[in-house]
Number of protein chains: 2
Amino acid sequence: MRVSQAEKEKSRSRIIESAARLLRERGVEAASVADVMSDAGLTHGGFYRHFDTKEAMVRAALDSAFNQMVDGLNPVDRSFAGEASPDVLSAFEQSYLSDAHVAAPGLGCPVAALAGDVGRAGEDVRETFAQGVRRIVAGMANQLSGSKAQRQARAWRQLAMMAGAVAIARASDPQTAAEVLDACRQPRS
Amino acid sequence: MRVSQAEKEKSRSRIIESAARLLRERGVEAASVADVMSDAGLTHGGFYRHFDTKEAMVRAALDSAFNQMVDGLNPVDRSFAGEASPDVLSAFEQSYLSDAHVAAPGLGCPVAALAGDVGRAGEDVRETFAQGVRRIVAGMANQLSGSKAQRQARAWRQLAMMAGAVAIARASDPQTAAEVLDACRQPRS
DNA sequence: CGATATGGATGACAGGTGTCATCTGAATAG
DNA sequence: CTATTCAGATGACACCTGTCATCCATATCG
């Protein structure tokens with residue numbers, strides 16, 4: 001049942017897409033190779049034609065998830081690349097702290113969904129994760145004013161707070177979730 | 001090999017203590033019943049004399065871990081209970097954002113270590129988690145000044161930021177970890 | 001003291017895991 | 001047009017999971 005190279009590339013994309021979603025929904029360990037392949041419309045046996053190991057798939061999926069996140073910070077319709085735009089950042093923050101984001105981890109920020117899991121993963125996976133977080137922070141810092149160090153530090157604090165808040169909201173009951181999200185939507189104290 | 005009731009109580013305490021540590025170190029799913037029992041010096045078979053299900057053990061372990069955290073916020077040597085004490089809070093924040101905390105998840109804050117996992121757990125576990133987080137936030141708010149709502153909101157923001165920062169630090173390389181921790185140690189922006 | 005209750009050990013179970021060897025048939029290379 | 005390659009399917013493997021039935025020896029009760 002051989003398939004054309006273009007078809008193989010499509011298969012690989014589907015696998016990564018499925019992995020990126022299932023990892024965020026179920027966690028790194030609970031998203032099994034068989035589940036991912038089944039979700040991509042394939043059987044588990046062909047997996048190792050695409051990746052040497054599950055860890056390699058996790059890294060590719062993390063990269064894809066971070067790319068989606070960074071794209072949300074760099075809207076293509078902005079006229080001047082690199083120009084600070086408070087509206088872009090506040091829109092990002094508002095959507096990050098929304099109920100919709102809390103309810104849909106599979107499409108949301110990998111930091112909020114996977115930081116805990118990745119902390120227990122191998123060094124290569126952590127390296128991939130770190131580069132992804134750096135890209136998000138750089139994108140946020142671009143939208144801030146002040147010295148480069150100030151902008152970067154404020155971006156770190158804001159991302160850490162938002163990711164922590166969404167993780168807490170997902171791990172709590174609806175009332176507690178609403179409290180933490182509301183508190184974090186308020187201007188800094 | 002029956003054992004006295006006092007001995008059984010000790011066994012139960014050891015199981016909860018081992019579970020609280022292994023859960024934070026390995027995650028909810030990766031910390032198996034057999035591992036916990038072995039760590040407590042028992043074999044896996046006797047587990048169900050202490051807990052109806054693994055989920056019940058997870059809830060007991062979460063409760064124990066949150067108790068340790070709250071104790072750190074309410075030092076017994078303070079003279080006046082309930083009195084606001086900026087030093088207690090800043091000491092808590094400093095130790096929370098320390099390298100030692102990042103390196104020892106098994107003894108650290110369950111929010112930073114387990115929020116992601118608990119978000120995928122059952123409703124009962126999430127309820128236990130939410131009550132624990134609320135206790136920490138209440139303890140932090142006690143040390144702040146301002147209206148009750150202001151204090152609570154600031155405590156939520158501070159805890160979310162710190163938990164997010166430690167989770168990111170654990171999931172990254174040392175340089176990235178140092179950056180996010182440094183940024184979050186700075187006064188609010 | 002004797003009878004019973006029960007904490008813990010042993011071992012099994014059904015199901016899931018990552019990984020790989022093998023087969024097959026269609027896409028390529030010559 | 002034939003020969004080779006190789007993506008994917010099938011199925012197996014050794015191991016680990018939560019749960020439970022069973023047995024044993026001792027703490028507790030009458």
Side-chain angles (χ1 to χ4, degrees), chain A residues 1-20 22-23 25-62 114 117-118 120-125 128, chain B residues 1-20 22-23 25-62 114 117-118 120-125 128:
Chain A
M1 298 189 180
R2 191 177 174 184
V3 135
S4 76
Q5 288 201 355
E7 211 64 37
K8 182 188 180 183
E9 204 58 35
K10 279 177 153 184
S11 291
R12 186 187 162 91
S13 296
R14 283 208 317 278
I15 294 172
I16 292 177
E17 200 174 343
S18 295
L22 291 180
L23 283 179
E25 285 177 358
R26 306 183 189 177
V28 174
E29 303 182 1
S32 73
V33 170
D35 286 347
V36 170
M37 291 297 280
S38 167
D39 190 88
L42 300 169
T43 56
H44 68 280
F47 176 80
Y48 290 88
R49 302 281 175 183
H50 292 279
F51 300 99
D52 282 348
T53 184
K54 184 187 176 180
E55 190 175 299
M57 177 197 76
V58 171
R59 288 201 282 152
L62 271 182
L114 292 174
D117 285 40
V118 173
R120 301 171 212 122
E123 193 172 353
D124 292 350
V125 176
T128 302
Chain B
M1 299 191 177
R2 191 179 172 183
V3 134
S4 75
Q5 289 203 354
E7 211 64 37
K8 182 187 179 183
E9 204 59 34
K10 279 177 153 184
S11 291
R12 187 188 161 92
S13 295
R14 283 209 317 279
I15 295 172
I16 292 178
E17 201 173 343
S18 295
L22 291 180
L23 282 179
E25 284 177 357
R26 307 184 189 177
V28 173
E29 302 182 4
S32 73
V33 170
D35 287 346
V36 170
M37 291 298 278
S38 167
D39 190 88
L42 300 170
T43 56
H44 68 281
F47 175 80
Y48 290 89
R49 302 279 177 182
H50 293 279
F51 299 99
D52 282 349
T53 184
K54 184 187 177 181
E55 191 176 299
M57 178 197 76
V58 171
R59 288 200 282 152
L62 271 182
L114 293 174
D117 285 39
V118 172
R120 301 171 211 120
E123 193 173 351
D124 292 350
V125 176
T128 302

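Note that the structure is a prediction, hence the values are computed from the model and not measured. So that the names make sense, note that chain A is the first sequence line, chain B the second, and so on, each numbered from 1.
- The pair Arg26(B)-Asp117(B) does not meet the salt-bridge criterion, since no charged nitrogen lies less than 4.0 angstrom from a carboxylate oxygen.
- Applying the 4.0 Å criterion to OP1 and OP2 of dT19(D), one finds that Tyr48(B) has a side-chain N or O inside that range.
- Rounding to whole angstrom units, CD of residue Glu55(A) and P of dT17(C) are separated by 18 Å.
- Taking atom CZ on Arg14(A) and atom P on dA7(D), their separation rounds to 15 Å, with Å as the unit.
- Formation of a donor-acceptor pair under 3.5 Å by the Ser38(B) side chain with backbone atoms of Ala34(B) is not found in this model.
- Arg12(A) places a side-chain N or O within 3.5 Å of a backbone atom of His50(A) that can act as its donor or acceptor partner.
- Following rounding to the nearest Å, Phe51(B) (CZ) and dG7(C) (C1') show an atom-to-atom distance of 14 Å.
- Between Ala61(A) and Ala19(A) the shortest heavy-atom distance is CB-CB, 3.8 Å.
- The two atoms that bring Glu55(B) and Asp124(B) nearest to each other are OE2-CB, 3.6 Å, heavy atoms only.
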For nucleotides 28-30 of chain C, which of its nitrogen or oxygen atoms have a protein nitrogen or oxygen under 3.5 Å away, and what is each distance?
{"unit_1": "dT28(C)", "atom_1": "OP1", "unit_2": "Gln5(A)", "atom_2": "N", "d": "3.4"}

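- With contacts defined as side-chain heavy-atom distances shorter than 4.5 Å, the pair Ile15(A)/Phe51(A) qualifies.
- Checking Phe47(B) against Gly45(A), the closest nucleotide of DNA chain D that is more toward the 5' end is the one next to Gly45(A).
- Side-chain N/O atoms of Thr53(A) include one lying less than 4.0 angstrom from OP1 or OP2 on dT19(C).
- The shortest distance between the side-chain N/O atoms of Ser11(A) and the OP1/OP2 oxygens of dG8(D) is below 4.0 Å.
- Side-chain contact between Arg59(A) and Leu62(A) is absent, with no heavy atoms from C-beta onward closer than 4.5 Å.
- For Lys8(B) and dA9(C), the NZ to P distance is 13 Å, given to the nearest whole Å.
- Rounded to an integer number of Å, the gap from CD of Glu7(B) to P of dG8(C) is 8 Å.
- Between the side chain of Ser32(A) and the main chain of Asp35(A), a donor-acceptor pair closer than 3.5 Å is present.
- Taking only side-chain atoms of Arg49(A), from C-beta outward, the nucleotide of dG18(C), dG8(C), dT22(C) with the closest atom is dT22(C).
- Taking atom CD of residue Glu9(A) and atom C1' of nucleotide dC6(D), one finds them 15 Å apart after rounding to whole Å.
- Distance, His50(B) NE2 to dT6(C) C1': 11 Å, rounded to whole Å.
- Residue-level contact check: His44(B) touches the bases, meaning some heavy atom is under 4.0 Å from a base atom.
- Distance alone, capped at 3.5 Å, places no donor-acceptor pair between the Lys10(A) side chain and the Gln5(A) backbone.
- For residues 29-43 of chain A, proximity to DNA chain D is found at Leu42(A), Thr43(A), defined as any non-hydrogen atom under 4.0 angstrom from a strand atom.
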